[in-house]
Amino acid sequence: MKKFLVSLFSILLVFTSFSPYIAKAEGEKPEQESLTRIQLLSEVEVFGNDGELPVGSISEEAVLYAHIIAEDQLKIQWGDGEAIVYSSEYEILPDPEDITDEQIEFLPNDEVELTSDGYIYALHVLEGEENPAHIATILAGGNYPIMTEEDVTYVMVGGTIGVLSMTPPKDSESEEEEPSAEPEQEGVETEPEQEGAADVPEEELLPADRDEEKQSDSTVDNMDKGKLAEEPVKDTSSSDKVLDVASVNEFSSTDKYFKAVQDNVHIYQNFDGKLVAVGYVFQGQEYERIRNYGSWHEVKFGNGKGYVWKAATEPSNGTSIKNKSSKVSSSKTITMTQNLQVYDNSAGPLVPFASIQKGATINIVRKMGSWYEVNFSGREGYIYHTGVRESFVASDKFFKVMQNNVHVYQNVNGKLVTRGYLEKDQEYERVRDYGSWHEIRIGNGLAYVWKEATNPSNGSSIKNKSTKANSSQTIKIIQNLQVYDNSAGPLVPFARIDAGQNIHIIRKMGSWYEINYAGRFGFIYYTGVQVDFAASDKYFQPTENNVLVNMRVNGKLTGVGRLIKGQEYERIRDYGSWHEIKMGNDVGYVWKEATIPSSGSSIRQTLQTKQDTRVKVQIKGPLTVYDNSSGKLVSFGTFSQPVSISVVSDYGSWYEINYAGRRGYISKSSVEMETFKLVNPRQNYSYNQMVSDLHSLKVMYPDLIQLITIGKSVDGRDIYAVRLGKGQTEILLSGSQHAREHMTTNLMMEMLETYTTSMHTGTSFAGFNTKSVLQNASIWFVPMINPDGVMLVQQGAKSAKNPQQVLSINKNNPDFSAWKANIRGVDLNRQYPANWNRINSPSAPANKNYKGKTPLSEPEALAMYRFVLSRDFKTLMDYHSSGELIYWYYEQSGAQYDRDYKLAQDMARITGYNAVDPRLTPGDGAFSDWFTMHYKRPGFTPEISPYVYERPVPIGNFNTIWSQNKAIGLFLADEAYKNRDKR
């Protein structure tokens, strides 16, 4: 066989080529841990890299190289990957200074598919041994890399090279001591086949001693196929006594009891056809048997069966047994972690009557304090708790940690990653049994704890059980943190959480975060966490000074301001690693990691109900933003760079702005107003657009414009009135009494902005010195009397608070383009107290002409009525939309008639409309008719467009309408001022 000398360095180099980096925390590339040479002190099972499925085993005293990733957890090379070993029973060895033995340089050139278990043996036979030592076993079912040289197959396990064979190792002691199989033979007394006997076939009972302490004579020998040998035989006990076969009492099938006549007679169990010693019965003690079984007694062993060799016993009547048991064992088992005695306490003092060996498992009847009750060969026995490991059943809800610092793992991309540990003697709640693991809940996530480091418990010591629901809030652990229980008063640590993971919290309590940890509420201190935001979080608080606010300036994200530590701010939404905040009408961005979630409780004034404008001011340089909600100016933000920001309102020497959802104030002296054309009348002009434009005009021209609300519509929309001018002489222009006639609002708004701009710049318009006219007189505009009706025409039933009602009035026709009335089906221009009783009206709400149950029954008409009564208007003009006519007459006579007729003729010349013949004036109840009748002053109703039947005026008509009417407001204001003393 060709061999190669190779240095230890080469072997380790090969090993490390199979060893990827060990994961420390999700999303990080951790450093590789050092490779350590160790010797195992007991046989261990090997698990795949997921830590879940067994892939093989390593023999006791095997020397290998491993990464020690925890006190009780190793990672070793396994094939072309890694495997996990859970054990603390090993010694760390120094690396050899020199290698003198021949070694094999492992260069894999093939792989083998294992359809049955493979066995790895040492390269050389150790001194004093007959055969090479068995190093490891590879379980069937996978592929394993190999190197084949001259018909020898080499493999590497744990950095150690061995020879692969399919022949299992031989136990020389077992071969010498094990009895032959015991098939049925003629002349040998055996019992008839019974129900339940199939699990222990009589043809194959091969004892294989599993006593880890290698006690002597642990197996039966010299059994010749069911017959006792003619010469004396050595008993199975540890005694040197020799039995005379003739003295062995024969058992009949009816014998129910037997007595051990030797010391420490083994009791065996059948494992896969082999008898394995699991304990002893004691000399002089009696036991109950299930049945006679050839050369054996079949006895009860928990819920299972055991076998005692008859030759070491004699028949008895069971009279000395005071602790007979007929109790049924539970499904729960205990496994011995050391050799333990089984006690009888029926007489008071504890008397040992059997022992169970380390590694054996038995079902228990119940647990009683520190003891476990078992059924051992028909006798009630007790085993002390310190030497056992209790098994878990699916119904077990709690577990107790039996070792120091038991690791908690999470599954990260198919790999088990350490996430912290549990404290010894503490109890925890589990979600479910998960193979070799407990599944527990931490926050909203799941984690895993190795069952063998724990025992079942009842949870009675847990005083901080948690049934509280987690919030959507998460925190990121940025350093290893203890989790504390404060249920008893002082803080008691019961777990640790490692850095690098995110956990949902229940709530924040002062400087602590409350979490759900394995069914217990625990507290972790705030300094070791970074708070994550949930999408529902509405407010945040900076944890650092001068946190930057970024905005897009000329297409680039630029830092334009700073937030103040300890202040709270409102956010629009979560935007990845940023908070998106409101900055005027624009948005800004704040880095989340410099903030924590907050409640917003310290914010006294927000801008949720405040209407933004489109007016902007240019911030020239550093500028402080103040909050005055407490009566004092308190800084809560700054601007550090030039930027354009929209304004909410004018406030004397200050502008009010929206700064991160808060009402902030900046000094006018530090900014410059940006003026521009606001109103676009060449569109389907909505109520919302009108409101925005009115507020914007008020901010842009605060010294020229006064904006008020005079009432609300049926559906709660504000009815706005705006004054332009400084003079005491006032006139009123109004529009949109009728819903479909909303082109009149376009005209009102264009007139308002044009006159305001002309007055602001000191220029003339339409032949009038605007500034001079409006220094003497003032024009009041009510651009939209019927906002609900206008929105209904423009947007349909969805705009109404009661869509079904308007659909019913409209006879379920979804087309509301012909609608004139308010939202309740009342025609507002038939609501005023001008011969209201004479109006011929529909009897119920309708899309037009229904006058209502009483005059001024509708809030819109009542608002206009009260507004007019509160002022001293010299002239009123209520715009309507179809016919290019001017209605002016309502039962005037004498000088009043002459005055109003002349004024109507003057307006007709300006607009090109026809002043309507008095004989053709329609019905009663109109707004301008009431004004003329009540005040004896001029009231007009112009129709601004050619007749368009029952529909809104087309947008294309606006240019002509504007050309015809653009001078009317200034004309009427100037005329009223000149004739102010005559009315």
Side-chain angles (χ1 to χ4, degrees), residues 45 47 50-54 72 86 196 199 210 269-272 276 278-279 300-306 325-338 340 342 356-377 380-403 406-409 411 416 422-442 446-462 465-467 516-520:
E45 196 168 10
F47 296 86
D50 60 358
E52 185 66 32
L53 296 176
D72 59 350
Y86 297 98
D199 59 343
R210 287 180 56 183
Q269 280 192 305
N270 177 22
F271 292 99
D272 300 324
V276 177
V278 293
K300 194 77 172 172
F301 191 81
N303 276 347
K305 296 171 183 177
S325 177
S326 59
K327 296 177 182 177
V328 177
S329 298
S330 69
S331 59
K332 186 174 287 296
T333 64
I334 55 175
T335 300
M336 309 304 123
T337 58
Q338 61 190 59
L340 290 177
V342 185
I356 303 179
Q357 293 181 208
K358 179 181 178 181
T361 298
I362 188 171
N363 293 83
I364 68 170
V365 176
R366 57 178 172 164
K367 187 176 183 185
M368 299 178 63
S370 298
W371 297 84
Y372 293 98
E373 180 183 346
V374 298
N375 186 328
F376 190 103
S377 191
E380 181 182 289
Y382 292 91
I383 302 171
Y384 198 55
H385 74 101
T386 55
V388 308
R389 183 178 67 250
E390 189 175 334
S391 72
F392 287 82
V393 294
S395 60
D396 286 327
K397 191 172 181 182
F398 300 96
F399 64 91
K400 185 174 184 179
V401 173
M402 307 306 293
Q403 301 175 15
V406 172
H407 286 288
V408 175
Y409 297 90
N411 184 355
L416 288 181
L422 307 182
E423 298 282 355
K424 184 179 180 181
D425 296 328
Q426 291 282 341
E427 291 186 276
Y428 305 86
E429 184 179 5
R430 66 182 195 162
V431 178
R432 60 170 175 160
D433 195 291
Y434 195 75
S436 299
W437 304 85
H438 303 298
E439 187 174 79
I440 64 172
R441 189 169 296 284
I442 301 178
L446 297 173
Y448 301 90
V449 178
W450 186 242
K451 283 202 296 195
E452 288 196 6
T454 68
N455 266 347
S457 66
N458 57 14
S460 59
S461 72
I462 302 176
K465 290 178 183 174
S466 179
T467 58
N516 185 329
Y517 194 102
R520 299 174 62 171

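Throughout, residue positions are numbered sequentially from 1 according to the sequence presented.
Here the side chains of Tyr372 and Ile362 are not in contact, with every heavy-atom distance at 4.5 Å or above. In this structure, His385 and Asn455 have side chains that are not in contact, with every pair of non-hydrogen atoms separated by 4.5 Å or more. Side-chain contact check for Leu422 versus Val408: some heavy-atom pair is nearer than 4.5 Å. Taking 4.5 Å as the limit, every side-chain heavy atom of Arg389 sits out of range of all side-chain heavy atoms of Ile334.
The distance from atom CZ of Phe398 to atom CD of Glu427, rounded to the nearest 0.5 Å, is 8.0 Å. Rounding to the nearest 0.5 Å gives a distance of 12.5 Å between OG1 of Thr335 and NZ of Lys358. The line from CG of Asn303 to OG of Ser331 is 8.0 Å long, rounded to the nearest 0.5 Å. Between the CG atom of Asn458 and the CZ atom of Phe399 there is a distance of 14.0 Å, given to the nearest 0.5 Å. The CD atom of Glu452 sits 8.5 Å away from the CD atom of Glu45 when rounded to the nearest 0.5 Å. Note that CG of Leu416 and CG of Asn411 are 6.0 Å apart. Values are rounded to the nearest 0.5 Å.
When every heavy atom of Val406 is checked against every heavy atom of Ala453, the shortest pair comes out as CG2-CB, 3.7 Å. Here the shortest heavy-atom pairing between Val431 and Leu446 reads CG2-CD2, 4.2 Å. Of all the heavy atoms in Val374 and Asn363, the pair that sits closest is CG1-O, 3.9 Å. Closest approach of Gly381 to Val342, counting heavy atoms only: CA-CG1, 3.7 Å. Residues Val365 and Asn375 come closest through the heavy atom pair CG2-N, 4.0 Å. Pairing each heavy atom of Ser466 with each of Asn516, the nearest pair is OG-ND2, 3.9 Å.
For the side-chain hydrogen bond (donor to acceptor under 3.5 Å, both in side chains) test, no residue two or more places apart in sequence or in another chain qualifies with Ser329. When the ring pair (Phe, Tyr, Trp, His ring centres under 6.0 Å) test is applied to Tyr448, the partners found at least two apart in sequence or on another chain are Tyr434. With sequence neighbours excluded, the residues satisfying side-chain hydrogen bond (donor to acceptor under 3.5 Å, both in side chains) with Lys332 are Asp396.
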Intermediate values then yes/no, side-chain contact (heavy atoms from CB on, under 4.5 Å), Gln357 and Met336:
CA-CA 7 Å; Gln357 293 181 208; Met336 309 304 123; over 6 Å; no
Kindly determine whether Lys451 and Asp433 satisfy side-chain contact (heavy atoms from CB on, under 4.5 Å), including the steps that lead there.
CA-CA 9 Å; Lys451 283 202 296 195; Asp433 195 291; 2.9 Å; yes
Please lay out, stage by stage, how Tyr382 and Met368 fare under the test side-chain contact (heavy atoms from CB on, under 4.5 Å).
CA-CA 9 Å; Tyr382 292 91; Met368 299 178 63; 3.7 Å; yes
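Ser377 places no side-chain N or O within 3.5 Å of a backbone atom of Lys300 that could act as its donor or acceptor partner. A donor-acceptor distance shorter than 3.5 angstrom exists from the side chain of Ser330 to the backbone of Ile364, with no hydrogens or angles considered.
Ring to ring, Tyr428 and His438 are not that close: their centroids are 6.0 angstrom or more apart.
Between Glu429 and Lys397 there is a salt bridge, with a side-chain nitrogen of the basic residue lying less than 4.0 Å from a carboxylate oxygen of the acidic one.
Taking the six-membered ring for Trp and thresholds of 30 and 60 degrees, Tyr86 and Trp450 have nearly parallel ring planes, at less than 30 degrees apart.
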